[in-house]
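In what follows, every chain begins at residue 1, and chains take the letters A, B, ... in the order their sequences are listed.
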Protein chains: 2
Amino acid sequence: MSPYSLMDDRKKRILQAVTDDYISTAEPVGSRTIARRYDLGISPATIRNEMADLEESGYLEQPHISAGRIPSQKGYRFYVDFIMQTKGVSDEERLRIRRRLEERKRELDLVTEETARILAQLSNYAAFVLSPVSRAAVLKRLELVQVDPQLVLVILVVDPGFVRTHLVMTERQLKPEQLAYINSYLNSRLRDIPLSKIGVSLLKEIAAELKEYSNVLEATLEAVVQLLEHRQEEAVVTDGQINILEQPEFREVESAKRVFDLLAEDDTVSGLLVDTMNAGSIRVVIGRESPHPNMDICSVVSAPYVVDGVPIGAIGVLGPTRMHYARVVAIVELVACHLGEILSKMLVM
Amino acid sequence: MSPYSLMDDRKKRILQAVTDDYISTAEPVGSRTIARRYDLGISPATIRNEMADLEESGYLEQPHISAGRIPSQKGYRFYVDFIMQTKGVSDEERLRIRRRLEERKRELDLVTEETARILAQLSNYAAFVLSPVSRAAVLKRLELVQVDPQLVLVILVVDPGFVRTHLVMTERQLKPEQLAYINSYLNSRLRDIPLSKIGVSLLKEIAAELKEYSNVLEATLEAVVQLLEHRQEEAVVTDGQINILEQPEFREVESAKRVFDLLAEDDTVSGLLVDTMNAGSIRVVIGRESPHPNMDICSVVSAPYVVDGVPIGAIGVLGPTRMHYARVVAIVELVACHLGEILSKMLVM
DNA sequence: CGTTAGCACTCAAATGCATTGAGTGCTAAA
DNA sequence: TTTAGCACTCAATGCATTTGAGTGCTAACG
């Protein structure tokens, strides 16, 4: 028997009322309150009966016997899936989002940072952005520049969208012709190769072919590996952690600390975002639905962003389980959409 | 009359006992406790009398009339200036610091991040690092590389120690000779010029001289300005904010939030570090000695780090006024010293 | 038969009050 | 000058009481 078969329309409206009210007040909601505040045309007694049913089937729970009800995990889940209507974002806000992103269009890092900031400000929760990684990303160019008798600058240009540099010490200075030769050789071997194909083995092969320059090359190629890895590490940008402290459920420092710990472990957050990216659609993870123990008191709304129909990253908002889902879902969806559009302009180059 | 004239040796020892005890327990200290825990050879009554004197002259205060004493701001100041002995750091720790820094020696950003992390871990407070900026920094090289028909990569190499890149859109593709010409011209004008001298006026002048390429140059030079500014913004790296939540004085979320707000405003922290760098020596700022209102419940220990005798940056630790000054001062001094040494190896190139 | 009113019941939170204990200042004795 | 003794203060603690919002159950109502 599906659990939802028990859910008639009136129960739905009551669950909605309880959830809406609890989301905005953070106080358990009683039957009287609902009868007063929401015009359902039924008496507190009837509401009590319905609430008892809802509790029995697991959508509501009582912190203690003589308190009002609050939504359970299952209740939030039902609310998110079948009840709430995502709240439209005002045109003005929409415009502001777009404008702020446009302004930062120049550099990829800045766009992701700005996105995180926008999300945090709009949602009033903590926000994070997984930087765009493209499976199709290719090494566009690899350049060595002698900047000093003993220093070579390695420049990696990756398409779509980022540039990394690294300084390498060399023992002897290379002549310009030598450098030019190495450059053109490296580019002939590596240009337009997908990053995923560039591994230690390929690089070793190249080093062997150019072994007269092994001196420079070893360090250089090691740097290449590092740079490509380093990018992965850096992939998550966070903002708005402070907002966590505004939430009444985190008034006790203990619980706040658990959330901060959660945010500090990059793995957890980035894993979640990667999952969302792969899933390819907006996701709402409520409390213990996530395996992570510190997540039990939190929910996360996350969405991938898409360029040319391919998800290349994801964004997310983390708040208490009592999260303003309707609004946050709308915001996350909207921001993800704008971000995708902006990036598609930037990355198609 | 100097306030210190009243401070005989016994008073000093009592102030030390009170401060040490309060620093480790976070509880107001009474005369009995001191008599028991510290072997001063005097009775609680005597201690009471001395404490009354110390309170009168402003070194101690009472949270309420029937509680023990805690050090006042002035008390901490005296403790820091005249009483405490900075606590040696174990050789093992010393070695670990050095090794961790050595590992990250490759890239400047990584060194500052690692430094912040080390400081936070050792001190158990929040830590920050002002990235090295050298007044003597010069633009070592400015290179334009065509990476795509419509994209030019601007590379800035600054000595000492960092590289920035930026992508610029161009309307038409430049021929290699043209690019080479621009490159060599720009380098002839800008190479080895101190960053502080590179302003809008100089760049405008150059743009005028090369006005046949104004198309590319405008965007490029604008990017140069942005990059040099952007570096300033990014200058402070922070770590260990979570440690703040461990401190009993921040158990109330309100006060924790004030500190987080403080840390979130980059200006405050970076201003403080810049001051320290300019001052050229270790500084301890206690509570309201700082003008910033949210600092009243905090203290900061900060020290410049020095390359070739010149302070080029600063590091700092922020904790509650009840900070473990002796230990933190030792740590900050030590880390600053190691950082300076590591950087001098990196930057002299 | 679903809905509502009434009522007894529950329990967290707030309130009031006495107790405890760590701490103080003052005074007088050592 | 130091210390012992003593009266005093006051935050914190514990405990009983009250309050009030909320519930479940039952019986009456349309």
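Between dT4(C) and S43(A), a contact under 4.0 Å exists linking OP1 or OP2 to a side-chain N or O. For the OP1/OP2 pair of dA21(D) and a distance below 4.0 Å, the side-chain nitrogens and oxygens of T33(A) include no atom meeting the criterion.
Below 30°, between 30° and 60°, or above 60°: for Y76(A) and Y22(A) the angle between ring planes is between 30° and 60°, a tilted geometry.
With salt bridges taken as basic N to acidic carboxylate O contacts below 4.0 Å, none links E55(A) and K11(A). Note on E50(B) versus R10(B): salt bridge recorded, some NZ/NE/NH1/NH2 to OD/OE distance being below 4.0 Å. Using a cut-off of 4.0 Å between Lys/Arg side-chain N and Asp/Glu carboxylate O, K12(B) and D8(B) are scored as not salt-bridged.
Considering only the side chain of S31(A), dT23(D) comes nearest among dG24(D), dT23(D), dA5(C). Closest contact between the side chain of R69(A) and the listed nucleotides dT23(D), dT4(C), dT3(D) involves dT23(D). If you check dC10(D), dA5(C), dT3(D) against the side chain of A45(A), the one that comes closest is dA5(C). In this structure, the nucleotide among dT4(C), dT2(D), dT3(D) sitting nearest to the side chain of R10(B) is dT2(D). The side chain of N49(B) lies closest to dT3(D) when the candidates are dG25(C), dT3(C), dT3(D). The nucleotide whose nearest atom lies closest to any side-chain atom of I65(B) is, among dT9(D), dT10(C), dT3(D), dT9(D).
Rounded to an integer number of Å, the gap from E61(A) CD to dG22(D) P is 17 Å. In this structure, K11(B) atom NZ and dT1(D) atom P are separated by 11 Å, rounded to whole Å. A straight line from CD of E50(B) to C1' of dT24(C) spans 15 Å, rounded to a whole angstrom. Separating the CD1 atom of I47(B) from the P atom of dT3(D) is a distance of 9 Å, rounded to the nearest angstrom. Rounded to an integer number of Å, the gap from CD1 of I42(B) to P of dA4(D) is 12 Å. Look at CD on Q62(A): it is 11 Å from P on dG22(D), rounded to the nearest Å. What separates CD1 of I34(B) from P of dG23(C) is a distance of 10 Å, to the nearest Å. One interatomic measurement links the two molecules: CZ of R32(B) to C1' of dT24(C), which rounds to 12 Å at whole-angstrom precision.
For F250(A) and F260(A), the ring centers are positioned 6.0 Å apart or more.
With hydrogens and angles left out, the side chain of S66(B) and the base of dT9(D) share a donor-acceptor pair within 3.5 Å. Looking at R48(A), its side chain comes within 3.5 Å of the base of dG24(D) through a donor and an acceptor atom.
Residue-level contact check: A67(B) touches the backbone only, with heavy atoms under 4.0 Å from sugar-phosphate atoms and none from bases.
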